[in-house]
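Worksheet for the structure shown next.
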2 protein chains.
Amino acid sequence: MELDEAKQRFIQAWGTLGSNWGINRTMAQVHALLLISAESLCADDIMEKLKISRGNANMNIRALIDWGLVFKELKPGERREYFISEKDMWNVVRQIIIHRKKKELEPVLKVLNDVSDIEGESADKEAFLDVIKDIQLFASKADKTLDKLVNSDANWLMKTFMKMM
Amino acid sequence: MELDEAKQRFIQAWGTLGSNWGINRTMAQVHALLLISAESLCADDIMEKLKISRGNANMNIRALIDWGLVFKELKPGERREYFISEKDMWNVVRQIIIHRKKKELEPVLKVLNDVSDIEGESADKEAFLDVIKDIQLFASKADKTLDKLVNSDANWLMKTFMKMM
DNA sequence: ATTAATTTTCAAAATTTTTTGAAAGTATAA
DNA sequence: TTATACTTTCAAAAAATTTTGAAAATTAAT
């Protein structure tokens, strides 16, 4: 395979993966493009390489900066902004975990907690609470494990992976 | 909170969680409804409780059966089909992992492998391959860890969680 | 202060995903 | 066989999400 074709394929695959995981396809593609670009790119570069509009490029670049996956690079004497991506894959994974955990896991923990406090006494209530408790057990274990994960270093992660295998 | 309100809140939360994770909101809601129903429900029950159409109910029940999260229950002397959900949360998590891994992780592993085979020699190529290798390392570790996970029992999972914490 | 370069915003358009509901299909009973 | 009860399908409608592009805002240079 040619290098350019390989790059193209990678960008597409990363986009598909992203959209399956609730991350906007274009956002994932911009990320992929920056990951495999030796040089930092400006908005126009990204627009051209991904064939997307200025607004789209701008919005997704900003989202990536929000997620801590992309950084601005100001070139001396240059007016326009250039962008580089976080290259350390462990940091990439970590940032994604932090964001998704906050957006998705934490609200669920809150709901599970809220719905645990029910009035009255009935077999129905007890059965419901049993299910909720069970889910809570999983959810809070996952929550704590992810906390540990994001606060650990790459080495710890790898060791844990190893231990699990 | 009243039991009915709690159930409603739980169903909504489960739906939101699902849709954030690439699982259709209604599918997740049907799942939630069945999880907290003491009795098995028929299509009409589900349509009524979730205020959805017959087609929608049917499709999502079917999908849940596909995912191994819901089972048909045939009542003797009754013509219509009733449905119950997998109640063991560990089995629920396991089935979801199996499905998502197959649908999302495995295709990415294939692409990473495909794009690793590039013609020519250049610094550019080497830089690209470095990034791909790095991602491959993470992806294959995740793949193997998930395999181990789905093939293990609930007890092992809990122990691993414990160890990690 | 004016101009020029660049970034940001956001309403409208395009696209994608989900839902509906009626028709077709299937299975059971009479 | 015919009627009845129920399930499945799928094209069209509705809803949600993403993208566009031009105008507004910002920033820096002259």
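Within every chain, numbering begins at 1; the chains are lettered A, B, ... in the order of the sequence lines, protein sequences first and strands thereafter.
- Nucleic acid contact for B:Asn24: sugar-phosphate only, since backbone atoms but no base atoms lie under 4.0 Å from a heavy atom of the residue.
- To the nearest 0.5 Å, atom OG1 of residue B:Thr26 and atom CD1 of residue B:Ile61 are 11.5 Å apart.
- Residue B:Asn58 places at least one side-chain N or O under 4.0 Å from the OP1 or OP2 atom of D:dT8.
- Proximity of a side-chain donor or acceptor of B:Asn20 to a complementary backbone N or O of B:Leu17 within less than 3.5 Å is not detected.
- Here A:Arg54 lies in heavy-atom contact (under 4.0 Å) with a base.
- Rounding to whole angstrom units, CG of residue B:Asp66 and P of D:dT8 are separated by 12 Å.
- Rounded to whole Å, the distance from CZ on A:Arg25 to C1' on C:dA14 is 15 Å.
- Close to D:dT8, at under 4.0 Å from its OP1 or OP2, lies a side-chain N or O of B:Arg62.
- Between C:dT18 and B:Thr26, no contact under 4.0 Å exists linking OP1 or OP2 to a side-chain N or O.
- The CZ-C1' distance, from B:Arg80 to D:dT8, rounds to 16 Å in whole Å.
- Between B:Gly22 and B:Arg100 the shortest heavy-atom distance is CA-NH2, 4.3 Å.
- For the pair B:Glu78 and B:Met59, both in contact range of DNA chain D, the more 5′-proximal nearest nucleotide belongs to B:Glu78.
- Distance, B:Trp21 CH2 to C:dT17 C1': 20 Å, rounded to whole Å.
- Rounded to whole angstrom, the span from the CD atom of A:Glu81 across to the P atom of C:dT6 amounts to 11 Å.
- When atom types are taken as modelled, the side chain of B:Arg80 and the backbone of B:Ala43 share no donor-acceptor pair closer than 3.5 angstrom.
- When the P atom of C:dT17 is taken as reference, atom CG of B:Asn56 falls 16 Å away, rounded to whole Å.
- For the pair B:Leu50 CG and C:dT18 C1', the computed distance is 15 Å after rounding to whole Å.
- With rounding to whole Å, A:Arg79 atom CZ is found 11 Å from D:dT27 atom P.
- Counted by atom type alone, A:Asn60 and A:Asn56 present one or more donor-acceptor pairs between their side chains at under 3.5 Å.
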